[in-house]
Amino acid sequence: MAIYAAGLRVSEAVHLRVQDIDSQRMTLRVDQGKARRDRYVMLSPKLLAVLREYWKLERPRFWLFPGQDPQRPLTRAAVHKVFQKVRRRAGIIKQVSVHGLRHSFATHLLESGVHLRKVQLLLGHRSLRTTQIYTHVTCDDLRDTPSPLDLLPDSAER
């Protein structure tokens, strides 16, 4: 849920610390993401509610998602394993990976009209070209785009 809600990489999600949650500003701090750069991403109110319930049950101290050894974060392999188990349990036949949640985050933001540059910052991409991968055209986009011919005045209106 955190990966989709904030567009995180798996490695960024497993390295979230309890102190990275800022419920006053409604942000998550991604500490030393890819290329060792810090960034802030939005904290969804729905995610915050789930994280609060999770915290009440698990009481993580340092790592938000600790591994079997509480001094170490959950491993990426463990996340992938759980994701595939949940995918199968949900009856999803298509081969998808947990990274698809990050792709869906970016695609859904772009489809809802969020500017490409803002998506770039949220994803932590250095280059806008990397973010442009998510600008693929959907069938709805094609259907909803009028032909330039249809924008010309009818001959009867001339």
Side-chain angles (χ1 to χ4, degrees), residues 1-138 140-141:
M1 185 180 226
I3 291 170
Y4 175 72
L8 302 175
R9 295 173 179 94
V10 176
S11 60
E12 294 169 342
V14 298
H15 284 96
L16 284 174
R17 299 166 301 177
V18 173
Q19 70 188 34
D20 293 332
I21 300 170
D22 187 341
S23 60
Q24 296 297 314
R25 291 190 178 115
M26 293 304 287
T27 58
L28 286 174
R29 182 173 189 265
V30 178
D31 186 42
Q32 300 291 295
K34 192 172 180 180
R36 301 283 180 237
R37 294 185 319 179
D38 298 343
R39 75 178 190 280
Y40 288 89
V41 295
M42 78 280 268
L43 174 58
S44 157
K46 289 180 182 180
L47 177 60
L48 179 59
V50 169
L51 290 175
R52 283 181 169 155
E53 288 300 315
Y54 164 76
W55 190 86
K56 286 178 190 175
L57 292 171
E58 300 295 327
R59 301 278 186 193
R61 298 194 188 284
F62 183 76
W63 298 109
L64 184 58
F65 306 114
Q68 289 182 339
D69 173 2
Q71 303 299 315
R72 299 172 90 59
L74 190 65
T75 65
R76 291 183 300 183
V79 173
H80 288 286
K81 192 174 182 179
V82 169
F83 181 84
Q84 292 306 324
K85 187 176 182 179
V86 170
R87 177 189 61 80
R88 285 189 299 275
R89 191 180 308 151
I92 299 170
I93 298 166
K94 184 177 179 181
Q95 287 298 314
V96 294
S97 71
V98 68
H99 190 72
L101 297 171
R102 179 173 158 87
H103 280 267
S104 295
F105 166 85
T107 301
H108 294 159
L109 284 179
L110 290 167
E111 287 177 345
S112 68
V114 175
H115 193 276
L116 185 64
R117 174 75 175 123
K118 193 177 283 187
V119 175
Q120 175 192 6
L121 294 172
L122 289 169
L123 292 174
H125 289 159
R126 188 174 291 170
S127 168
L128 196 56
R129 282 190 176 159
T130 307
T131 311
Q132 286 176 326
I133 293 167
Y134 303 101
T135 61
H136 58 274
V137 179
T138 66
D140 288 344
D141 292 333

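Just the heavy atoms: all of them, side chains too, but no hydrogens, waters or symmetry mates, feed the values below.
Side-chain contact between Val41 and Leu8 is present, with heavy atoms from C-beta onward closer than 4.5 Å. In this structure the side chain of Asp31 never reaches within 4.5 angstrom of the side chain of His15, judged on heavy atoms. Side-chain atoms of Gln95 and Arg87, non-hydrogen and from C-beta on, do get closer than 4.5 Å to each other. At a threshold of 4.5 Å between non-hydrogen side-chain atoms, the residues Met1 and Leu47 count as touching. For the pair Val79 and Val14, the minimum side-chain heavy-atom distance is below 4.5 Å.
When all heavy atoms of Ile3 and Ala13 are compared, the pair lying nearest together is CG1-CB, 3.6 Å. The shortest heavy-atom contact between Gln71 and Trp63 is O-NE1, 3.1 Å. Gln120 and Leu128 make their closest contact through OE1-CD1, 3.2 Å (heavy atoms, listed as atom of the first residue, atom of the second, distance). What you find for Ala106 and Val119 is that their closest heavy atoms are CB-CG1, 4.1 Å. In plain terms, the two heavy atoms of Leu109 and Met42 that are nearest each other are CD1-CE, 4.5 Å. In terms of heavy-atom proximity, Tyr54 sits nearest to Leu64 at OH-O, 2.7 Å.
We find the CZ-CD1 distance between Arg29 and Ile21 to be 13.5 Å, quoted to the nearest 0.5 Å. Summarising the geometry, atom CD belonging to Glu111 is positioned 9.5 Å from atom OG belonging to Ser104; distances are rounded to the nearest 0.5 Å. Here the CD atom belonging to Glu12 is positioned 11.0 Å from the CG atom belonging to Asp20, to the nearest 0.5 angstrom. From Thr27, atom OG1 reaches atom CZ of Arg39 across 12.5 Å, with rounding to the nearest 0.5 Å. With rounding to the nearest 0.5 Å, the separation of CG in Leu48 from CG in Leu28 is 9.0 Å. His103 NE2 to Leu101 CG: the interatomic distance, rounded to the nearest 0.5 Å, is 10.0 Å.
In this structure, Phe65 places its CZ atom where more than 12 heavy-atom neighbours from other residues, nucleotides or ligands lie under 6.0 Å away. In the displayed structure, Leu57 atom CG is contacted under 6.0 Å by more than 12 heavy atoms of other residues, nucleotides or ligands. Enclosure of atom CZ in Arg76 is not indicated, since only 12 or fewer non-hydrogen atoms of other residues, nucleotides or ligands lie within 6.0 angstrom. The local environment of CD in Gln68 is sparse, with at most 12 non-hydrogen atoms from other residues, nucleotides or ligands closer than 6.0 Å.
Scored by the ring-ring contact (aromatic ring centres under 6.0 Å, His included) test, Phe83 finds no partners at all (sequence neighbours excluded). Not counting sequence neighbours, His80 has no partner by the ring-ring contact (aromatic ring centres under 6.0 Å, His included) test. With sequence neighbours left out, Thr75 forms a side chain to side chain contact (heavy atoms under 4.5 Å, CB included) with Ala77, Ala78.
With hydrogens and angles disregarded, no donor-acceptor distance shorter than 3.5 Å links the side chain of Arg61 to the backbone of Pro70.
In this pair, Phe105 and Tyr4 present their aromatic rings perpendicular. The plane angle is above 60°, beyond the 30 to 60° band.
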